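In this chain, numbering begins with 1 at the start of the sequence shown. Just so it is clear, the structure is predicted and the values come from calculations on it, not from any experiment.
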Amino acid sequence: MRRTLTMLLAVAVVGGFAAAAPSAAVAQGRSDIPESHPAWATPQAKVADAAPSAKLTFRVYLNLRDQAAAEAAARSVSEPGSASYRKYLSAAQVRDQFAASDATVGSVKTWLSGAGFAVGSVPSNRAYVEATGTADQVQQAFDIKLGKYAVKGQTLRAADKNLSVPAALAKDVLGVIGVDQATNLFKPNHTDGRDKPQDVPPGPGFRNAAPCSAYYGEKTDTTDPAYNGKQLPYAPCGYTPAQLRSAYGLDTAAKLGADGRGTTIAIIDAFASPTIYADASEYARRNDPAHPLKQSQFSQKVFPVNPDLEGPDGCDAAGWYGEETLDVEAAHGLAPGADILYVGGSDCQDLSLDIALNWVVAGQKADIISNSYGDTGEDIPADEVKAFNQISLQAVLQGIGVYFSSGDNGDEVARLGTPSPDFSASAPWITAVGGTSLAVGKDGKRIFETGWETGKSTLTNGAYTPAFPGAYTSGSGGGTSRLFEQPFYQKGVVPDALSTQNQTGGKKGRVVPDISAVGDPNTGFLVGQTQTFPEGAHYDQYRIGGTSLASPVFAGVMAVADSLTHFHHGFINPMIYKVTSRTSAISDTKHVDGAVARVDYVNGVDASDGLVRSARLLDYPNLTIHTTGGYDNVTGLGTPNGLLFLFLV
């Protein structure tokens, strides 16, 4: 499952922030930063003042010199038919044409230094200026009061009103991130299919229980009662790299010499598993011996741990280790010739993961970036949204494809009460990858592929509870954005009935996802990882899924496409929305009435505490998003159709 950030619900405004009344600072030669005050930071919710001596590190993000020109250039290099199509800019060209000037950076640094802050790093693309100081210095510099506020069972730091900066700098400041704690913590979007997706390995070990199948339909459950009138096939034990390469036509591409070589896939998560290379190497040795993960193919960049979050334990580092394992093994499994660059953020906050993403983009460290995390919904600080969009826009200009898993909880109605896609998947300059349930036969070919939305019925005293179609547990994220208007590439393709959802006055929004790949943990991927078992810590294997699987799988598909066509595809959305209307390069994913039987250990590792038997419906019908013919908000345009897709994108 993809890591998700449970966001703090505020008022229903863009970015989840309420605009404060004009500050008195404006009259004192200062300008407010719009929407920089969280709506939940009310006088009634305040529990304490911030300690004046508390240390804060924050970043002042800077505006591009010409946002409109940068967006026009990004559209031009990514839209088929444009004279500049795939004529990407270098990182230096983007910096020289669009980034904040050296003079602007100097002015901001001078102001921060004069306010008593220790000024830190400025990245090569001049996206932000980092600074560290005390809470008291922050209060004086931004004309605010910092306090602690009770919000949803947490106590978070925030300002009492919008931040402000000297009027002379206002036009240059995009936003300030890190002064408040407006976001909760990211979690990964992977799931092993248990009832509580957050209880994922590592940490405690997890193993598949028998029986399970080597391929879809190998074994049928003939001992348990029929489910909805059918004896169900046992869930696959976990597809291997060879099975997924075959299902998506990559084995045929390999015969033409295309296996991802010449392309670098960056994977961004938090922290870094101490056993990742050993685990991924052992996994390949056991399951894909013809395609070892060579040391020369794998590298890591890990940012220092943020002590403010009390180290890795403050972010469930064990869960992130499992995410990294899935991402690395899936990406290498689909594109065994590609180089893998793992970049670990210092912690699981939006800000830290954005820094990791910016490091890859600013330095042109990769051709493809897979991200398997996101927020729950779109209740996001405006500063964070603007900073992220600026980074992803630069990636488009440089021909870097950025892929985000769409989420593992449908349209979040169950958790938020209102339908919403997840950010960052809903952002316009990235490709959102949804999840499917995939049936791979004995011959390695697709039997069917449908939208992943799981309904679970547990066998209790000889009967399935709840009865068919069961209770919803998890599924591909999707829905219509309230933050972002309909992007140019979705016009005329996404049905108005979808693009106008969550909108008022006839407006149209960005709809998620764009495209999909296997994600259902009930038809999931076999991974290998060092975990902690009752007998000690050691390597073992288990089945896993989520759109955290779909994103690196699709990244692998695109790496093979790169090596087959001998160019880097960059931002593919404008192309795939055109391709789907005139070719069969993308398989239309439709609803299939399918289900599998699952057997699980009660304790996750062995049968000593008993077994749980259940039926898992593959495309649960009782949701507000649905798998249909044509574009839909569960699987987007569909799934890649072998060589037709690889050659035509």
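Ring centroid separation for the pair F404 and Y373 comes in under the 6.0 Å cut-off. Here the two rings, on Y216 and F448, have centers that are under 6.0 Å apart. The aromatic ring centroids of Y321 and F271 lie 6.0 Å or more from each other.
Not a single donor-acceptor pair under 3.5 Å links the side chain of S281 to the backbone N or O of A278. Of the possible donor and acceptor atoms, none in the side chain of T547 sits under 3.5 Å from a partner among the backbone N and O of S405. With hydrogens and angles ignored, the 3.5 Å screen pairs a side-chain donor or acceptor of Q231 with a backbone N or O of D221. Side-chain N or O atoms of N633 include one that pairs as donor or acceptor with a backbone N or O of H626 at under 3.5 Å. Of the possible donor and acceptor atoms, none in the side chain of E412 sits under 3.5 Å from a partner among the backbone N and O of P421. Under the 3.5 Å distance criterion, the side-chain polar atoms of Q501 are left unmatched by any main-chain donor or acceptor of V511. Y631 places no side-chain N or O within 3.5 Å of a backbone atom of Q490 that could act as its donor or acceptor partner. A donor-acceptor pair under 3.5 Å links the side-chain atoms of N208 to the main chain of C237, judged by distance alone. S476 contributes no side-chain N or O that, together with a main-chain N or O of W452, makes up a donor-acceptor pair within less than 3.5 Å. With hydrogens and angles ignored, the 3.5 Å screen pairs a side-chain donor or acceptor of H332 with a backbone N or O of H291.
Shown here for S370 and S551, the closest heavy-atom pair between the two residues is OG-OG, 2.9 Å. The shortest non-hydrogen separation linking T480 to S499 is CG2-O, 3.5 Å. Here the shortest heavy-atom pairing between S516 and V433 reads CA-CG1, 4.2 Å. The shortest non-hydrogen separation linking P552 to S548 is CD-O, 2.7 Å. The minimum heavy-atom distance between G556 and L334, with the atom names listed, is CA-CB, 4.0 Å. Closest of all the heavy-atom pairs between R598 and P521 is NH1-O, 4.4 Å.
Inter-residue side-chain proximity for Y472 and T454 is flagged as unmet; no heavy-atom pair is nearer than 4.5 Å. T465 places none of its side-chain heavy atoms less than 4.5 Å from the side chain of T458. Counting heavy atoms from C-beta on, the side chains of Y234 and V599 come closer than 4.5 Å. F525 is listed as a side-chain neighbour of V527, based on a closest heavy-atom distance under 4.5 Å. Annotation: side chain of N371 is not in contact with side chain of I430 (no heavy-atom distance under 4.5 Å). When side chains are defined from C-beta on, Y277 does not count as touching I340, because their heavy atoms never get closer than 4.5 Å. Under the 4.5 Å side-chain criterion, counting only non-hydrogen atoms from C-beta, T240 is not in contact with D288. Counting heavy atoms from C-beta on, the side chains of P336 and R245 come closer than 4.5 Å.
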Check your understanding: Please walk me through it: do T325 and D279 pass side chain to side chain donor-acceptor pair (under 3.5 Å)?
Key -> CA-CA 8 Å; T325 303; D279 288 345; 4.8 Å; no

**Study point:** F645 and T639: CA distance, side-chain angles, deciding distance, side-chain contact (heavy atoms from CB on, under 4.5 Å) verdict
**Key:** CA-CA 9 Å; F645 178 82; T639 58; over 6 Å; no

Practice item. Decide yes or no on side-chain contact (heavy atoms from CB on, under 4.5 Å) for L244 and L438, but give the supporting numbers first. Key: CA-CA 9 Å; L244 292 189; L438 174 65; 3.7 Å; yes

Check your understanding: Are E453 and T627 close enough, and set up right, to give a side chain to side chain donor-acceptor pair (under 3.5 Å), and what steps lead you there?
Key -> CA-CA 9 Å; E453 300 292 351; T627 308; over 6 Å; no

Exercise for review: I would like to know whether T376 and N409 meet side-chain contact (heavy atoms from CB on, under 4.5 Å); could you show each step before the answer?
Suggested key: CA-CA 9 Å; T376 298; N409 295 282; 5.9 Å; no

Point to revise | Worked check of side-chain contact (heavy atoms from CB on, under 4.5 Å) between L549 and Y239 | key: CA-CA 12 Å; L549 169 61; Y239 293 132; over 6 Å; no

**Study point:** Stepwise side chain to side chain donor-acceptor pair (under 3.5 Å) check, T436 with E449
**Key:** CA-CA 6 Å; T436 64; E449 195 164 11; 2.6 Å; yes

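Annotation: the span from T431 atom OG1 to F571 atom CZ amounts to 5.0 Å, rounded to 0.5 Å. Atom OH in Y342 sits 8.0 Å away from atom CD1 in I276 (nearest 0.5 Å). Considering OG1 of T252 and CG of L643, their distance stands at 5.0 Å, rounded to 0.5 Å. Atom CD of Q531 is separated from atom OG1 of T275 by 9.5 Å, given to the nearest 0.5 angstrom. Here the CG atom belonging to L564 is positioned 6.0 Å from the CG atom belonging to L256, to the nearest 0.5 angstrom. Distance CZ/R446 to OG/S587: 4.5 Å, rounded to 0.5 Å.
Residues D593 and H591 bring a donor and an acceptor atom of their side chains to less than 3.5 Å of each other. Between S426 and E378, the side chains place a donor N or O and an acceptor N or O closer than 3.5 Å (distance only, hydrogens not considered). Side-chain atoms of D514 and Y577 include a donor-acceptor pair closer than 3.5 Å. Checking Q529 against Y283 by side-chain atom types alone, no donor-acceptor pair falls below 3.5 Å. N287 and Q541 share a donor-acceptor pair across their side chains, judged by distance under 3.5 Å alone. Under the 3.5 Å distance criterion, with hydrogens and angles disregarded, no donor-acceptor pair is assigned to the side chains of T523 and S437.
Taking 4.0 Å as the cut-off between side-chain N and carboxylate O, R415 and D422 do not count as a salt-bridged pair.
Classified by interplanar angle (parallel below 30°, tilted 30° to 60°, perpendicular above 60°), the ring pair Y227/Y464 is perpendicular.
In this structure, R286 forms no cation-pi arrangement with Y539, as its terminal cationic atom is not both closer than 6.0 Å to the ring centre and no more than 45° off the ring axis.
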